[in-house]
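Predicted model only: the values in this text are computed from it and were never measured. Atom set for the values below is all heavy atoms of this structure, side chains included, hydrogens, waters and symmetry mates excluded.
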Amino acid sequence: MDLSFEHDSGGSILVHIRGRVTQDKVSTFSEPLSQKLGASCYSQKVVLDLAQTEYIDSSGISWLLVCHKRFK
């Protein structure tokens, strides 16, 4: 899984997720968004772009749901 970031004019952070989102990339001990953006990332407006994502396993879906919950 490869993450790249860009800021848009509205103050949002656009996160492009490429590759495979699998258990070895996202686990309970590994939190890719907060590792790259800092612990305060969940208080910002972040848009996830999954257009270049090849595969998401059940752990990846779980990670997306946890991220969604933290953003709320």
Next item on the list: Could I get the full list of side chain to side chain donor-acceptor pair (under 3.5 Å) partners for Ser12, not counting sequence neighbours?
Entry: none

Notebook entry, point to check: What's the spacing between Leu3 CG and Gln35 CD if we round to 0.5 Å?
Noted result: 9.5 Å

Notebook entry, point to check: Closest approach of Thr53 and Ile17, non-hydrogen atoms and distance?
Noted result: OG1-O, 3.0 Å

Return a table of donor-acceptor pairs under 3.5 angstrom between the side chains of residues 54-68 and protein atoms on other chains or two or more places apart.
residue: Asp57; atom: OD1; partner: Ser59; partner atom: N; Å: 3.1
residue: Asp57; atom: OD1; partner: Gly60; partner atom: N; Å: 2.9
residue: Asp57; atom: OD2; partner: Gln23; partner atom: N; Å: 3.1
residue: Trp63; atom: NE1; partner: Glu31; partner atom: OE1; Å: 3.0

Next item on the list: Report, as yes or no, whether the 6.0 Å neighbourhood of atom CD on Gln44 holds more than 12 heavy atoms from other residues, nucleotides or ligands.
Entry: yes

Next item on the list: Kindly write out the residues that satisfy ring pair (Phe, Tyr, Trp, His ring centres under 6.0 Å) with Phe5, not counting sequence neighbours, or none if the list is empty.
Entry: none

Next item on the list: Could you pull out all residues at least two apart from Ser43 that satisfy side chain to side chain contact (heavy atoms under 4.5 Å, CB included)?
Entry: Ser40

Next item on the list: Could you tell me which residues satisfy side chain to side chain contact (heavy atoms under 4.5 Å, CB included) with Cys41, sequence neighbours excluded, listed by chain and number?
Entry: Leu33, Ser34, Leu37

Check: Which residues pass the side chain to side chain contact (heavy atoms under 4.5 Å, CB included) test with Asp49, sequence neighbours left out?
Finding: Leu14, His16, Ala51

Margin query: Is there a path of hydrophobic side-chain contacts, each under 4.5 Å between heavy atoms of I/L/V/M/F/W/Y residues, joining Val15 to Leu50?
Written below: yes

